[in-house]
Enquirer: 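Handing you this structure, nothing more for now.
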Amino acid sequence: MSPASPAPPAGRRALVTGITGQDGSYLAEFLLDRGYEVHGVIRRASTFNTDRIEHLYRDPHEPDARLRLHYGDLTDSSGLRVLLERVQPDEVYNLGAQSHVRVSFDQPEYTADVVALGALRLLEALRDYQARTGREVRFYQAGSSEMFGNAAPPQSEATPFRPRSPYGVAKVYAHLQTVNYREAYGLFAANGILFNHESERRHETFVTRKITRAATRIALGLQTTLYLGNLDARRDWGHAQDYVEAMWLILQHPQPDDFVIATGESRSVREFLDAAFGLLGLDWRGHVVVDPRYFRPAEIDRLEGDASRARAILGWRPRVTFDELVRRMVAHDMELARAERTLRDGGHAVGRRGPARE
Ligand code: NAP
Ligand code: GDD
């Protein structure tokens with residue numbers, strides 16, 4: 001915990017949308033560790049989508065089970081209202097999203113529905129719930145550095161939003177509605193503006209994990225080529241575990257406010273390739289092929305956050321360095337590649353989900 005972290009509140013209830021995602025899984029761990037009862041919203045799917053939280057789940061019949069899952073969807077207002085009534089949370093973390101920037105160009109309307117209107121639906125449900133019950137519910141909105149677009153770095157809370165993707169535009173809408181509900185109705189509604197954060201649990205269609213999965217498979221002879229898009233883009237990459245702590249700190253602050261969360265260091269995709277392949281003694285130049293299908297209609301050249309306000313006010317700072325992030329992801333994916341190699345060498349068919357996309 002950061003030096004300035006407040007004492008963990010006992011017996012509080014949190015409702016988390018997007019609990020099956022990268023951040024949702026780390027946030028659930030973090031909150032359970034601090035004594036919260038955690039209620040997660042999951043989507044009904046024909047395949048299992050709870051892999052990332054399987055290790056946290058206990059049979060709800062067990063008296064000390066503190067993680068509960070509920071079906072719900074950010075496109076379904078009535079379901080969200082019922083959930084608030086049923087769970088009666090102290091804190092709501094809105095992490096659910098169609099979170100892939102490239103995909104948002106293919107599905108702009110759906111992305112706006114989930115990301116922009118989804119946040120509005122939750123805020124409206126909260127406003128109504130709070131007015132009727134008189135209970136204060138603290139609301140966290142998962143904002144993104146993607147909202148800054150090509151505004152000049154370093155980007156801080158004072159930087160204007162200039163989004164360059166349907167996802168970024170939808171996140172700006174959700175951000176502004178969160179501010180609006182705070183000002184118009186006095187809700188405790190706060191925005192985190194988080195820069196890219198990665199982990200061993202990152203989906204394989206984001207560039208960092210796409211690279212660490214491919215580099216480790218190449219090292220073990222399971223793959224030869226990695227197709228990527230723009231190698232010059234620069235991102236401010238941290239570790240997701242550090243960033244979920246920031247979400248919690250934002251809701252423990254006495255006043256609702258908006259905070260940039262970032263490492264302050266920007267690296268290019270090339271630099272990530274250098275680091276990941278370098279750990280394996282490989283030169284990526286012999287394996288990476290640029291495929292324009294991974295280019296975006298509009299790109300953000302450089303994201304580099306200034307989180308000095310979060311540091312001064314919340315006492316938050318990232319612990320995992322860039323090198324440590326890459327090392328952890330490579331070590332994790334090397335284990336997966338080794339298991340795949342062993343199965344193949346034993347003559348077993350290995351069901352991989354096909355080549356990484358996007
Ligand atoms: P992620 O791994 O893609 O997880 C997204 C979550 O949202 C999943 O649990 C997903 O459920 C859920 N979801 C998707 N559509 C939904 C819907 N219609 N209704 C309810 N839930 C839905 O994303 P993440 O990296 O954990 O990011 C968490 C949040 O932070 C997102 O809002 C993202 O936009 C934002 N953010 C992320 C970063 C980053 O670098 N990771 C940076 C800034 C902001 P399924 O598992 O069923 O698909
Ligand atoms: N995904 C992907 N796949 N990106 C690639 C590839 C590729 O094959 N090749 C190059 N890139 C470049 C992208 O063009 C982009 O400039 C950069 O790598 C990072 O792409 P992603 O990892 O997809 O992340 P993102 O920055 O677009 O979005 C992530 O961070 C946002 C915060 O800034 C997501 O987590 C968003 O949900 C989040 O809000």
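Computed from a prediction, not measured in an experiment: that's the story for all the values here. Start at 1 and go down the list; that is how both ligands and their atoms are numbered. Note that these values count all heavy atoms, side chains included, but never hydrogens, waters or copies made by symmetry.
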Enquirer: Nearest to atom 30 (O) of ligand 1 by heavy atom, A119, A142, A262: which?
Expert: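 It is A142 that holds the nearest heavy atom.
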
Enquirer: Report yes if the distance between the aromatic ring centroids of Y294 and Y227 is under 6.0 Å, otherwise no.
Expert: no

Enquirer: Heavy atoms only, cut-off 4.0 Å: how does R296 contact ligand 2, side chain, backbone, both, or neither?
Expert: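 The answer is the side chain of R296.
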
Enquirer: Looking at V269, which atoms of ligand 2 are within less than 4.0 Å of one of its heavy atoms?
Expert: 18 (O)

Enquirer: Are E183 and N180 linked by a side-chain donor-acceptor pair shorter than 3.5 Å?
Expert: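 No, no side-chain donor-acceptor pair sits under 3.5 Å.
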
Enquirer: Tell me, please: is Y71 in heavy-atom contact with ligand 1, that is, under 4.0 Å?
Expert: no

Enquirer: Can you tell which part of E146 has a heavy atom less than 4.0 Å from ligand 1: side chain, backbone, both or neither?
Expert: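 Contact part for E146 vs ligand 1: neither.
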
Enquirer: Short list, please: which atoms of ligand 2 are under 4.0 Å from a heavy atom of N230?
Expert: 9 (N), 10 (C), 11 (N), 12 (C)

Enquirer: Considering both backbone and side-chain atoms of T205, is one of its nitrogen or oxygen atoms within less than 3.5 Å of a nitrogen or oxygen in ligand 2?
Expert: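 N/O-N/O distance below 3.5 Å exists for this pair.
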
Enquirer: Report the nearest protein non-hydrogen atom to atom 23 (O) of ligand 1: residue, atom name, distance rounded to 0.1 Å.
Expert: S99 OG, 3.5 Å

Enquirer: Taking the basic N atoms (NZ, or NE/NH1/NH2) and the acidic carboxylate oxygens, is any pair closer than 4.0 Å for R132 and E85?
Expert: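 Judged by the 4.0 Å cut-off on N to carboxylate O distance, R132 and E85 do form a salt bridge.
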
Enquirer: Between Y173 and Q177, does any side-chain donor sit less than 3.5 Å from a side-chain acceptor?
Expert: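 There is such a pair (donor and acceptor under 3.5 Å, judged by atom type) between the side chains of Y173 and Q177.
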
Enquirer: Tell me yes or no: between the side chains of H239 and H197, is some donor less than 3.5 Å from an acceptor?
Expert: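 Side-chain D/A pair, H239 to H197: absent.
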
Enquirer: Are D274 and R285 close enough for a salt bridge, meaning some N to O gap below 4.0 Å?
Expert: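 Salt bridge between D274 and R285, a charged N being under 4.0 Å from a carboxylate O: yes.
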
Enquirer: Looking only at protein heavy atoms, which one is nearest to atom 11 (O) of ligand 1, and how far off is it?
Expert: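 Ranked first by proximity to atom 11 (O) of ligand 1 is T20 OG1, 3.3 Å.
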
Enquirer: Can you name the atoms of ligand 2, numbered from 1 with element, that are less than 4.0 Å from a heavy atom of S144?
Expert: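 Those of ligand 2 that fall under 4.0 Å from S144 are 31 (C), 32 (C), 33 (O), 38 (C), 39 (O).
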
Enquirer: Taking only residues two or more places apart in sequence or in another chain, which ones pass side chain to side chain contact (heavy atoms under 4.5 Å, CB included) with Y110?
Expert: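 Applying side chain to side chain contact (heavy atoms under 4.5 Å, CB included) to Y110 gives R43, Q98, Q107, V114.
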
Enquirer: Can we say D64 and R58 salt-bridge, meaning some charged N sits less than 4.0 Å from an Asp/Glu carboxylate O?
Expert: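 Salt bridge present between D64 and R58.
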
Enquirer: Give me the nearest non-hydrogen protein atom to atom 48 (O) of ligand 1 as residue plus atom name, then the distance to 0.1 Å.
Expert: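 Result: R43 NH2, 2.8 Å.
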
Enquirer: Can you tell me if R270 has a non-hydrogen atom under 4.0 Å from ligand 2?
Expert: no

Enquirer: Measuring from non-hydrogen atoms of S25 to any atom of ligand 1, is the shortest distance under 4.0 Å?
Expert: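 Not so, S25 does not reach ligand 1.
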
Enquirer: Have a look at V41, L74, N196, L95 and point out the one with the heavy atom closest to atom 31 (C) of ligand 1.
Expert: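 It is L95 that holds the nearest heavy atom.
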
Enquirer: Check whether any heavy atom of F295 sits under 4.0 Å from an atom of ligand 2.
Expert: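 Distance cut 4.0 Å: F295 fails for ligand 2.
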
Enquirer: Are R341 and D345 ion-paired here, with the side-chain N under 4.0 Å from a carboxylate O?
Expert: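 Result for this pair is yes, salt bridge flagged.
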
Enquirer: Report, in ascending order of atom number, the atoms of ligand 2 lying under 4.0 Å from any heavy atom of S145.
Expert: 32 (C), 33 (O)

Enquirer: Ignoring hydrogens and angles, state whether a donor on the side chain of Y36 or W248 is under 3.5 Å from an acceptor on the partner side chain.
Expert: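 Yes.
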
Enquirer: Please confirm whether Y167 comes under 4.0 Å of ligand 1, counting heavy atoms of the residue only.
Expert: yes

Enquirer: Would you say R102 contacts ligand 2, with heavy atoms under 4.0 Å as the rule?
Expert: no

Enquirer: Strictly below 4.0 Å, N to O, side chains only: are R201 and E29 in salt-bridge contact?
Expert: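 So R201 pairs with E29 through a salt bridge.
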
Enquirer: For residues L220 and M334, determine if any side-chain heavy atom of one lies less than 4.5 Å from a side-chain heavy atom of the other.
Expert: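 The answer is yes, as the side chains (C-beta and beyond) meet within the 4.5 Å cut-off.
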
Enquirer: Would you say R202 and ligand 1 have an N/O pair spaced under 3.5 Å apart?
Expert: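 Yes, at least one N or O pair falls under 3.5 Å.
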
Enquirer: Return yes or no for this condition: an N or O of G229 is under 3.5 Å from an N or O of ligand 2.
Expert: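 In this structure, G229 places an N or O atom under 3.5 Å from an N or O of ligand 2.
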
Enquirer: Does R201 have a non-hydrogen atom less than 4.0 Å from ligand 1?
Expert: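 False for this residue.
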
Enquirer: Does ligand 1 have a heavy atom under 4.0 Å from the side chain of D73, from its backbone, from both, or from neither?
Expert: both

Enquirer: Side chain, backbone, both or neither: which applies to F48 and ligand 1 if a contact is any heavy-atom pair less than 4.0 Å apart?
Expert: neither

Enquirer: For ligand 2, is there an atom lying under 4.0 Å from some heavy atom of H100?
Expert: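 Under 4.0 Å: yes for H100.
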
Enquirer: Using a heavy-atom cut-off of under 4.0 Å, does the side chain or the backbone of V207 touch ligand 2, or both, or neither?
Expert: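 Both of them.
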
Enquirer: Tell me whether the guanidinium CZ or amine NZ of R267 lies under 6.0 angstrom from the six-membered ring centre of W237 and within 45° of its axis.
Expert: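 Because its charged atom misses either the 6.0 Å distance or the 45° angle limit, R267 does not stack over W237.
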
Enquirer: Just wondering, are more than 12 heavy atoms of other shown residues or ligands nearer than 6.0 Å to CZ in R162?
Expert: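 Open: at most 12 neighbouring heavy atoms sit under 6.0 Å from CZ of R162.
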
Enquirer: Taking N or O atoms only and a 3.5 Å limit, does G24 qualify as a polar contact for ligand 1?
Expert: no

Enquirer: Under 4.0 Å from ligand 1, counting heavy atoms only, is it the side chain of H197, its backbone, both or neither?
Expert: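 For H197, the contact with ligand 1 is made by both the backbone and the side chain.
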
Enquirer: Any idea which part of R202 is under 4.0 Å from ligand 2, heavy-atom wise: side chain, backbone, both or neither?
Expert: side chain

Enquirer: Within the 3.5 Å criterion, strictly below it, is a donor on T75 or D73 matched to an acceptor on the partner's side chain?
Expert: yes

Enquirer: Short list, please: which atoms of ligand 2 are under 4.0 Å from a heavy atom of V101?
Expert: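 Those of ligand 2 that fall under 4.0 Å from V101 are 27 (O), 28 (O).
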
Enquirer: Please could you name the atoms of ligand 2 that E299 approaches to less than 4.0 Å, counting only its heavy atoms?
Expert: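 Close to E299: 13 (C), 14 (O), 15 (C), 16 (O).
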
Enquirer: For the pair R135 and D90, find out whether any cationic side-chain nitrogen is under 4.0 Å from an anionic carboxylate oxygen.
Expert: yes

Enquirer: Ignoring angles and geometry beyond distance, decide whether Q22 reaches within less than 3.5 Å of ligand 1 through its nitrogen or oxygen atoms.
Expert: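 Yes, at least one N or O pair falls under 3.5 Å.
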
Enquirer: Looking at ligand 2, does any of its N/O atoms fall within less than 3.5 Å of an N/O of W237?
Expert: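 No, no N or O pair falls under 3.5 Å.
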
Enquirer: Please lay out, stage by stage, how Q252 and E91 fare under the test side-chain hydrogen bond (donor to acceptor under 3.5 Å, both in side chains).
Expert: CA-CA 10 Å; Q252 309 318 304; E91 297 171 10; 3.2 Å; yes

Enquirer: Which bit of H100 is near ligand 1, meaning a heavy atom under 4.0 Å away: side chain, backbone, both or neither?
Expert: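 Looking at H100 and ligand 1, no heavy atom falls under 4.0 Å.
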
Enquirer: In terms of residue, atom name and distance, what is the protein heavy atom nearest to atom 43 (C) of ligand 1?
Expert: L194 O, 3.1 Å

Enquirer: Would you mind checking which non-hydrogen protein atom is closest to atom 6 (C) of ligand 1, with the distance to 0.1 Å?
Expert: G18 CA, 3.6 Å

Enquirer: Taking only heavy atoms of L303 into account, list the atoms of ligand 2 that are under 4.0 Å away from them.
Expert: 33 (O)

Enquirer: For the salt bridge (charged side-chain N to carboxylate O under 4.0 Å, His left out) test, which of D128, D113, D76 pairs with R121?
Expert: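 With R121 as partner, D128, D113, D76 yield a single salt bridge (charged side-chain N to carboxylate O under 4.0 Å, His left out), made by D113.
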
Enquirer: Thinking salt bridges, do R234 and E271 make one under a 4.0 Å N-O criterion?
Expert: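 Yes, this pair counts.
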
Enquirer: Tell me, please, which residues at least two apart from E136 pass side chain to side chain contact (heavy atoms under 4.5 Å, CB included).
Expert: Q130, R138, F188

Enquirer: Could you check whether any heavy atom of T17 sits closer than 4.0 Å to an atom of ligand 1, since that is the contact criterion I want to use?
Expert: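 No, T17 has no heavy atom closer than 4.0 Å to ligand 1.
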
Enquirer: Pick, from G96, A97, S144, the option with the minimum heavy-atom distance to atom 14 (C) of ligand 1.
Expert: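 It is A97 that holds the nearest heavy atom.
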
Enquirer: State whether the number of non-hydrogen atoms from other residues, nucleotides or ligands found under 6.0 Å of E109 atom CD is greater than 12.
Expert: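 Incorrect, the count does not exceed 12.
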
Enquirer: Suppose I only count heavy atoms of E146 and a 4.0 Å limit; which atoms of ligand 2 are within that range?
Expert: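 Those qualifying, in numeric order: 33 (O).
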
Enquirer: Within the structure, does R52 bring an N/O atom to less than 3.5 angstrom of an N/O atom in ligand 1?
Expert: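 Looking only at distances, the answer is no, because the N/O contact criterion of under 3.5 Å is not met.
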
Enquirer: Any salt bridge between E37 and R66, counting N to O under 4.0 Å?
Expert: no

